[in-house]
Asker: 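Got a structure for you, questions after.
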Amino acid sequence: MRLAHNVFFKLKDSTEANVAALVAACKKYLNVQSGIVFFAAGPICKELNRDVNDQNWDVGLHLVFDTKTSHDNYQDDPQHVKFVTENKPTWAGVRVFDSYV
């Protein structure tokens with residue numbers, strides 16, 4: 001069964017440059033692990049601001065893994081660890097949503 005891993009980052013300073021830098025870091029470090037069948041990272045779509053839209057984030061990361069085991073391996077992958085180490089100081093918050101798909 002595939003596993004969807006969706007992460008929403010809120011930045012301490014959400015300037016356009018900082019948002020672009022985090023998106024670039026996601027693409028550099030988080031799209032290289034085995035078992036990824038879908039990858040996307042990008043900024044919030046501020047134009048969609050209905051009552052049901054959560055607007056309390058800046059960058060979304062969306063991964064689908066072929067198995068939960070691939071997801072678990074990704075969490076310990078050196079590239080993922082490096083991404084977290086380098087970027088965590090810029091985050092005001094992180095929300096993670098995992099589901100089988």
Asker: What's the spacing between Q75 CD and Q33 CD if we round to 0.5 Å?
Answerer: 9.5 Å

Asker: Please find the pair of heavy atoms, one from F9 and one from C26, that lie closest to each other, and give the distance.
Answerer: CE1-SG, 4.4 Å

Asker: Between Q55 (side chain only) and R50 (backbone N and O only), is there a donor and an acceptor less than 3.5 Å apart?
Answerer: no

Asker: Looking only at heavy atoms, what is the nearest atom pair of D54 and I44, with distance?
Answerer: O-CD1, 4.1 Å

Asker: Determine whether L22 and W91 make a side-chain contact, defined as any pair of heavy atoms from C-beta on separated by less than 4.5 Å.
Answerer: yes

Asker: Side-chain contact, heavy-atom cut-off 4.5 Å: V23 with P43?
Answerer: yes

Asker: Does the side chain of V84 come within less than 4.5 Å of Y29's, by heavy atoms?
Answerer: no

Asker: Going from CG on D72 to OG1 on T67, what distance comes out if it is rounded to the nearest 0.5 angstrom?
Answerer: 8.0 Å

Asker: Does any non-hydrogen side-chain atom of R2 lie less than 4.5 Å from one of F38?
Answerer: no

Asker: Hey, does the side chain of D58 reach the backbone of V19 with a donor-acceptor pair shorter than 3.5 angstrom?
Answerer: no

Asker: Treating Ile, Leu, Val, Met, Phe, Trp and Tyr as nodes and any side-chain heavy-atom pair under 4.5 angstrom as an edge, say whether V96 and F65 lie in one connected cluster.
Answerer: yes

Asker: Hey, does the side chain of K12 reach the backbone of P89 with a donor-acceptor pair shorter than 3.5 angstrom?
Answerer: yes

Asker: If you take all heavy atoms of S70 and S34, which pair is closest and at what distance?
Answerer: CB-O, 4.1 Å

Asker: Find the distance between OG1 (T85) and NE2 (H80) and round it off to the nearest 0.5 Å.
Answerer: 9.5 Å

Asker: Between S14 (side chain) and L11 (backbone), is there a donor-acceptor pair under 3.5 Å?
Answerer: no

Asker: Taking atom CG of L61 and atom CZ of F83, what is their separation to the nearest 0.5 Å?
Answerer: 6.5 Å

Asker: Test of understanding: clusters of I, L, V, M, F, W, Y form through side-chain heavy atoms closer than 4.5 Å, transitively. Do V94 and F39 belong to the same one?
Answerer: yes

Asker: Within the supplied structure, the quantity of interest is the number of heavy atoms (other residues, nucleotides, ligands) at a distance under 6.0 Å from K10 NZ; does it exceed 12?
Answerer: yes

Asker: Looking at NE2 of H71 and CG of N73, how far apart are the two atoms once the value is rounded to the nearest 0.5 Å?
Answerer: 10.0 Å

Asker: Which residues satisfy the side chain to side chain donor-acceptor pair (under 3.5 Å) test with H62, sequence neighbours excluded?
Answerer: N6

Asker: Can you tell me which residue among L3, L63, D66 is in a side chain to side chain contact (heavy atoms under 4.5 Å, CB included) with V37?
Answerer: D66

